[in-house]
Amino acid sequence: MDITRIRTPVLITGAGPAGLAMAIELGSRKIPCLVVERNDRVGYAPRAKTTHTRTREHLRRWGIAGELAAASPFGVDYPSNVLFVTRLGGHCLHKIDNAFSCAPEKTDFYSEHAQWIPQYKLEELLRAHAETLPGVELRFDTEFVSCTQDAQRVHSVLKNRKTGTEYTVESDFLVGSDGARSVIRTLIGAKLEGVYGLSRNYNVVFRAPGLAEAHPHGRAIMYWQINADAPSLIGPMDSGDRWFFMPTGVPEGVTLSNDEAAALIRKATGIDLPYEVLSTDEWVASRLIADKYRDRRIFLAGDACHLHPPFGGYGMNMGISDSVDLGWKLAAFIEGWGGPLLLDSYERERRPVHQLVIEEAVRNHAVLGGQLWRERLEEDGAAGDAARAEVGELIALTKTREFQSLGFVLGYCYQHSPIIAYNNADPAPPASPNYQPSAAPGCLAPHLWLEDGRSLYDTFGPGFTLLAVDGREANGIVVASTEAAEYGVPLKVEVLGDPRLAELYAAPLVLIRPDQHVAWRGEVWPGQVLLDLVTGWPAEKHL
Ligand SMILES: Cc1cc2nc3c(=O)[nH]c(=O)nc-3n(C[C@H](O)[C@H](O)[C@H](O)COP(=O)(O)OP(=O)(O)OC[C@H]3O[C@@H](n4cnc5c(N)ncnc54)[C@H](O)[C@@H]3O)c2cc1C
């Protein structure tokens, strides 16, 4: 291991999804960075399984969405159904199809469908890709210990966990993507606000050959078991008959040894098979958000600054999008064309989004198996049928939104950002689970499959893109290119004459940011003042 390199533009602590995404975003923009991870590899915890459409769109931009599809343990077209049952070996109560939009079909709403895949597989892919990028270095068995900062740099003390050697790294910026127990959060004096411990739960990974064939419900990504013995989620996790079992709302003081976990799986499923427990992991659902995400040159991303119940699958996906938002801004600042307001905008854009999805995740968490259970649910005959019909309706009413909320995945808009050119007459639509594409400033640029089969997003450049949606090279786009070149701002002009685009974007010119959000839309290029705003320079820059 080379520990002689002690200077890097960006030091990233933690090679979880947020840290790896940060390394890729920077590395793709040719900004060198060093990622330090105290474990000896990525992918320790078998936690997330939902990779949202937006995350896969980031992967598409990085050129690795196809590789993630290829890594699907059961094939990317495995049906993403969610089944509510009394037990895996019991009655079916309700079925939700195409949860999270995982079906590999083309719709104009997105360039990539979601994917059900273990987090450790995604992390392995992100690590492998990060390591191909020039300037990106990953050091495992390396612990971030402490840091100080001055006006020019951050001085961090790292420790090689194999040798015990400590050494210092100097960086222009430090990103704390060091997870829920973030040391960096404490070091910058950020406090978590909210509630710790909404519920206590377990995540058990086990092997059970024959389980898929032993139940009558058909293929699904997860089965919610609504029974009095152990309200829980269970589902296939990986090839090799590997499954997960997640008892929810486990009372304080109850612990699960491997043998107890195996017995509980047997009881909860009602299926008597040999269950080999591979790991048991206690986790606590909380609603917590840091009161600040930054102290000068140090930033927080991912679980380090927001923690919410995993129902709806937002945590990891949010962390990756945090890194996309911060990554291009740090790159722009380091390259010199981005101004100080770019860095200020990170927290102002991301924190309200985190608050929105925290509310949503807490809402999802409020109705788990324990709340859905009713007496007689498992009885044979008319009384049992009536109880099951009642609970089936309740599930449809209370749980559908958890699995069909594209609006919270693609539809959030940055509404209070200093680097977006808002127009009071052109507000973003309010947040809603149903995705309504909008090209209002701050929103994700609406997606479309072009007539030649390309994704609209594939026409965007790595920097800003000025989209002339009426197909005319007028309205000042030549001036825009000249001004961007003069100030070193990467700008691609894309002239597209598809009438559907004109309708979707509702303005002839649209300026799209490197992260595919709309920075401005209008009739005529307003000039240098707009470039200054969207690249984070205060208005007085040229005075
Ligand atoms: C049961 C469960 C299911 C979930 N399901 C989903 C889901 O379906 N979809 C979803 O989006 N999210 C889900 N989540 C949430 C998701 O797992 C987390 O949000 C995600 O892992 C956070 O990523 P991160 O990179 O911010 O932090 P982490 O994944 O925690 O990574 C932080 C990394 O930093 C390292 N580190 C910490 N301190 C140091 C240090 N001092 N020095 C060096 N390295 C350090 C750690 O070893 C770790 O590798 C789930 C969570 C749970 C518990």
Side-chain angles (χ1 to χ4, degrees), residues 11-23 34-52 54-55 99-100 102 114-120 122-123 126-127 138-147 156-161 169 174-187 199-205 221-222 232-233 235 237 244-248 279-286 288 300-323 354 357-358 361 364-365 402-403 408-409:
L11 175 64
I12 301 167
T13 295
L20 292 167
M22 177 60 70
L34 170 64
V35 186
V36 292
E37 167 56 55
R38 67 177 166 204
N39 289 327
D40 60 353
R41 60 176 169 86
V42 298
Y44 257 93
R47 292 186 285 177
K49 287 159 286 288
T50 318
T51 302
H52 279 159
R54 187 63 194 138
T55 299
F100 305 112
C102 288
Q115 189 179 339
W116 185 251
I117 186 165
Q119 177 171 337
Y120 53 79
L122 173 63
E123 287 186 20
L126 295 179
R127 178 199 53 78
L138 276 84
R139 287 186 187 175
F140 290 96
D141 290 310
T142 302
E143 184 163 0
F144 170 93
V145 179
S146 64
C147 69
S156 301
V157 177
L158 305 182
K159 182 176 170 184
N160 179 323
R161 281 165 57 103
V169 168
L174 167 65
V175 178
S177 43
D178 50 343
R181 295 195 181 90
S182 171
V183 175
I184 295 172
R185 184 177 66 226
T186 310
L187 281 172
S199 66
R200 205 170 150 259
N201 314 276
Y202 269 88
N203 192 28
V204 180
V205 177
I221 53 173
M222 57 173 130
S232 49
L233 282 69
M237 174 108 194
F244 72 92
F245 171 63
M246 205 189 284
T248 51
S279 64
T280 59
D281 201 10
E282 184 194 330
W283 61 274
V284 170
S286 300
L288 292 167
L300 301 177
D303 275 17
C305 52
H306 49 91
L307 287 164
H308 25 97
F311 300 93
Y314 293 106
M316 175 189 78
N317 290 290
M318 278 287 123
I320 290 174
S321 286
D322 294 349
S323 293
H354 298 149
V357 297
I358 286 175
N364 294 337
H365 173 269
E402 178 170 334
F403 304 101
F408 297 122
V409 175

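Residue numbers run from 1 in the order of the sequence given. Order of listing sets the numbers, starting from 1, for every ligand and every atom in it.
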Given the rule in the side-chain hydrogen bond (donor to acceptor under 3.5 Å, both in side chains) test, do S199 and N201 qualify, once you have shown the distances and angles that lead to the verdict?
-> CA-CA 6 Å; S199 66; N201 314 276; 2.9 Å; yes
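Pairing each heavy atom of F311 with each of E402, the nearest pair is CB-OE2, 3.4 Å.
At least one donor-acceptor pair closer than 3.5 Å links the side chain of D178 to the backbone N or O of I184. Judged by distance alone, with hydrogens and angles left aside, the side-chain atoms of R161 form a donor-acceptor pair with the main-chain N or O of R38 at under 3.5 Å.
Closer than 4.0 angstrom to ligand 1 by heavy atom are T13, G14, G16, P17, A18, V36, E37, R38, N39, R47, A48, K49, T50, Q119, T142, E143, F144, S177, D178, G179, M246, W283, G302, D303, P310, G313, Y314, G315, M316, N317, sorted by chain and number.
The aromatic rings of F100 and H52 sit tilted relative to each other, their planes meeting at an angle between 30° and 60°. Below 30°, between 30° and 60°, or above 60°: for Y314 and F408 the angle between ring planes is above 60°, a perpendicular geometry.
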